[in-house]
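Following: one structure in structure tokens, then a few remarks.
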Amino acid sequence: MIEIKSHFSLKEHNTFGISAFAKAYTSVSTIQQLREALAYYHNEEVFLLGGGSNMLLLNNIERPVVHVNIKGIDLLKQENQHVYVTAMAGENWHDFVIFCIENNWAGIENMALIPGNVGTSPIQNIGAYGVELKDTFVSCNVINIKTGDVKTLHLEDCKFGYRDSIFKNEELGKYVITSVTFKLIDILKTNDYQLKTSYGAILDELENLQIEPSIQSVAQAVINIRSSKLPDPKVIGNSGSFQKSYY
Ligand SMILES: Cc1cc2nc3c(=O)[nH]c(=O)nc-3n(C[C@H](O)[C@H](O)[C@H](O)COP(=O)(O)OP(=O)(O)OC[C@H]3O[C@@H](n4cnc5c(N)ncnc54)[C@H](O)[C@@H]3O)c2cc1C
């Protein structure tokens, strides 16, 4: 069952902290609820909301806002030193990075503290400190907004480029991304995982911290560097390095 709220403030749902209002707002926490919401609004163009960190809300939103808040992380399979992990779209990206580090799964530690949700990460092929989403991306599940069809898009389908993908081009506005699957490395099962420390000030920060390079310490170095450079959007509203979403 979905709950529709009218004249809903989006102030807490965008990193600029702009107090725009949604004419109608629905938060969906299951695929079933998402399907219900899409069916309910089948004649209207919905406005999808993730973590609200890549949008500048200049006006109230007259389209129905569907907040994709579906949570869950699943270890699909382990193959030698690789793990295949699926995270649902509503998982916070940074929390997912920390979860992987805590499980000794390597590959996304350089992308700690990127704001936003897992479900939006493929749209611009998020990246930071020498690592991009596409480096560990296997596939994402999507629902076609108009038809309700479910599809799995693999790495080659997404045509990832620098902060770019089909989701910003030929397939713009076509799908809701519902989950993303990653291929990560279980560092307990290999001795030759190469940390990426040469980008930016990571090595300097590791020296400052006086700790051995590891996926944990690289993430901590990135967190420290990022925190010193950009204001925390929870304190001062901002949108990081700016992209292209104005509403
Ligand atoms: C302080 C700061 C630092 C940043 N640093 C970086 C950085 O280092 N690297 C980087 O790559 N980016 C960076 N960004 C940009 C931001 O982190 C990314 O663009 C992120 O992927 C946005 O995620 P979100 O969930 O907040 O998206 P939102 O702002 O909620 O949505 C972005 C777009 O995706 C659509 N959308 C939302 N959910 C879905 C869904 N499930 N399926 C399909 N479409 C959907 C929305 O309608 C909107 O058009 C930064 C932003 C901030 C504020």
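First listed ligand is number 1; within each ligand, the first listed atom is number 1.
Remark: ligand 1 atoms within the under-4.0 Å shell around heavy atoms of Ile126 are 11 (O), 21 (O). Close contacts of ligand 1 with Gly51, meaning ligand atoms under 4.0 Å from a residue heavy atom, involve 24 (P), 25 (O), 26 (O), 30 (O). Taking every non-hydrogen atom of Asn54 and a distance limit under 4.0 Å, the qualifying atoms of ligand 1 come out as 19 (O), 22 (C), 29 (O). Near Arg163, the atoms of ligand 1 lying under 4.0 angstrom from a non-hydrogen atom of the residue are 11 (O). Interface atoms of ligand 1 facing Gly52, defined by a heavy-atom separation under 4.0 Å, are 24 (P), 26 (O), 28 (P), 29 (O), 30 (O). If you number the atoms of ligand 1 from 1 as listed, the ones under 4.0 Å from a heavy atom of Gly116 come out as 23 (O), 24 (P), 25 (O), 26 (O).
Judged by distance alone, the side chains of Asn117 and Glu91 never bring a donor and an acceptor atom under 3.5 Å apart.
Note: no N/O pair closer than 3.5 Å links Asn125 and ligand 1 by distance alone. Residue Leu48 places at least one N or O, backbone or side chain, under 3.5 Å from an N or O of ligand 1. At least one N/O-N/O distance between Ile177 and ligand 1 falls below 3.5 Å. At under 3.5 Å, not a single nitrogen or oxygen of Leu49, backbone or side chain, sits near a nitrogen or oxygen of ligand 1. For ligand 1, the polar-atom distance check against Val68 finds no nitrogen or oxygen pair separated by under 3.5 Å.
For the pair Val118 and Val180, the tightest heavy-atom approach, listed with the atom from each and the gap, is O-CG2, 3.6 Å. Summarising the geometry of Val97 relative to Glu109, their closest heavy-atom pair is CG1-CA, 4.1 Å, with the distance given to 0.1 Å.
Exactly one residue among Thr136, Thr86, Asp74 makes a side chain to side chain donor-acceptor pair (under 3.5 Å) with Thr181. That residue is Thr86.
Counting heavy atoms closer than 4.0 Å to ligand 1, residue Val142 contributes nothing at all. Under 4.0 Å from ligand 1, the heavy atoms of Arg226 that appear belong solely to its side chain. At a heavy-atom cutoff of 4.0 Å, ligand 1 is contacted by the backbone of Tyr175 but not by its side chain.
The aromatic rings of Phe8 and Tyr25 lie parallel to each other, with less than 30° between the two planes, well short of the 60° mark.
Judged by distance alone, with hydrogens and angles left aside, the side-chain atoms of Asn144 form a donor-acceptor pair with the main-chain N or O of Lys146 at under 3.5 Å. Remark: the backbone N or O of Tyr129 is paired with a side-chain donor or acceptor of Asn110 at under 3.5 angstrom. Not one N or O on the side chain of Asn103 forms a donor-acceptor pair closer than 3.5 Å with the backbone of Trp105.
Summarising the contacts of atom 35 (C) of ligand 1 with Val65, Ile123, Leu34, the nearest heavy atom is found in Ile123. Of the candidates Val46, Asn110, Leu133, Thr120, the one placing a heavy atom closest to atom 27 (O) of ligand 1 is Thr120.
Judged by the 6.0 Å and 45° rule, Lys183 forms no cation-pi pair with Tyr84.
The shortest distance between side-chain heavy atoms of Ile70 and Ser29 does not fall below 4.5 Å.
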